[in-house]
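This report refers to the structure that appears directly beneath it.
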Number of protein chains: 2
Amino acid sequence: MTSIKELAKKLDIPYHFLAKILQDLVYKGLLTSQKGPTGGFALGMPAKDITLFHIVEAIDGVGFTNRCVLGFPECSGKNPCAVHEQWAGLRDGIYQMLVGRNIAEIAKEMRKPEYRAVAR
Amino acid sequence: MTSIKELAKKLDIPYHFLAKILQDLVYKGLLTSQKGPTGGFALGMPAKDITLFHIVEAIDGVGFTNRCVLGFPECSGKNPCAVHEQWAGLRDGIYQMLVGRNIAEIAKEMRKPEYRAVAR
DNA sequence: ACAATTTCGGACTTTTTTGTCCTATATTAC
DNA sequence: GTAATATAGGACAAAAAAGTCCGAAATTGT
């Protein structure tokens with residue numbers, strides 16, 4: 001459980017700016033929150049269950065999984081655009097990449113000293 | 001050689017809106033233009049030499065080819081992020097997809113009746 | 001040279017996105 | 001129950017992006 005105040009200090013970003021982001025992530029289900037003293041935010045699920053896909057879904061949306069990459073509404077298997085099949089493979093690769101990683105793993109990797117040197 | 005007026009009518013989009021887009025594409029080198037009567041716009045290179053990559057480059061930029069997909073500035077081969085290698089393969093696949101198609105091919109495919117029914 | 005036509009480029013407006021702040025509401029400890 | 005502390009959510013402000021318009025400059029045909 002972490003408060004906005006605490007996190008804002010650690011990340012060195014504006015309090016209200018962070019507040020809005022966290023509230024949004026609560027709304028999206030990625031976090032839970034509790035009001036009052038000793039309150040704050042926590043992960044909505046165990047870290048090992050939160051994948052990159054969950055995060056992309058919450059932040060950018062996952063329209064890429066079913067929309068034609070060239071933007072043609074009429075593109076489909078029956079009526080494919082010029083890169084329909086090729087994109088299908090790549091899109092699936094991206095999907096696998098996103099669902100195959102969870103933030104517990106990533107957090108572990110990020111603790112390496114190289115990252116801490118540059119990252120905030 | 002096509003004028004803004006002519007194209008705006010065919011595409012049924014606002015004249016000034018189209019004008020700005022075309023001017024930008026001239027600036028980016030994808031089109032050439034000529035002023036005065038009989039003037040207008042034409043492709044800056046033969047259609048078979050303009051790839052999807054050229055277009056993506058002009059419209060969205062191609063930062064994806066060398067930026068860490070997770071956004072870590074410190075990510076590199078020596079100090080890879082959690083998906084560095086996996087993304088390298090996918091990114092190359094996307095690159096190949098973009099450079100492997102030119103607009104002459106695509107235009108030909110788009111002439112199929114299925115597309116003309118829905119597309120404008 | 002002149003009139004007509006076309007792109008050019010900047011000014012301006014509108015819309016969308018991003019960021020800030022304030023009050024209300026919930027929760028805790030005493 | 002009260003005081004203190006935390007998030008919730010909407011109002012507001014600022015910034016960025018998208019879209020519109022207009023006068024200037026170039027080119028063409030007569």
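Chain letters run A, B, ... following the sequence lines, proteins first, then strands; residues in each count from 1.
Between E109(B) and R101(B) the shortest side-chain heavy-atom distance falls below 4.5 Å.
In this structure, CG of L18(A) is placed 12 Å from P of dA8(D), rounded to the nearest angstrom. As rounded to whole Å, 12 Å separates atom C1' of dT7(D) from atom NE2 of H16(A). Distance F17(B) CZ to dT15(C) P: 15 Å, rounded to the nearest Å. Rounded to a whole Å, the CD1 atom of I4(A) is 12 Å from the C1' atom of dG9(D). If you measure from atom NZ of K35(A) to atom C1' of dA6(D), you get 9 Å, rounded to the nearest angstrom. We find that CD1 of I21(B) is positioned 14 Å from P of dT7(C), with the value rounded to whole Å. In this structure, the CE atom of M1(B) is 11 Å from the C1' atom of dT27(D), given to the nearest Å. The separation between F41(B) atom CZ and dT6(C) atom C1' is 9 Å, rounded to whole Å.
Put simply, the side chain of N79(A) gets close to the backbone of E74(A): a donor and an acceptor are under 3.5 Å apart.
In summary, K20(B) and D24(B) do not engage in a salt bridge, as defined by a charged side-chain N under 4.0 Å from a carboxylate O.
The shortest distance between the side-chain N/O atoms of S33(B) and the OP1/OP2 oxygens of dC8(C) is below 4.0 Å. Contact annotation: Y15(B) side-chain N/O to dT7(C) OP1/OP2 distance is under 4.0 Å. Taking only side-chain nitrogens and oxygens, Q34(A) comes nearer than 4.0 Å to OP1 or OP2 of dT28(C).
Residue K20(A) is classed as a base contact, given a heavy-atom separation below 4.0 Å to a base.
The nucleotide whose nearest atom lies closest to any side-chain atom of T38(A) is, among dT7(C), dT28(D), dT28(C), dT28(C).
Scanning all heavy atoms of the two residues, the minimum distance from I4(A) to A19(A) falls at CD1-CB, 3.5 Å.
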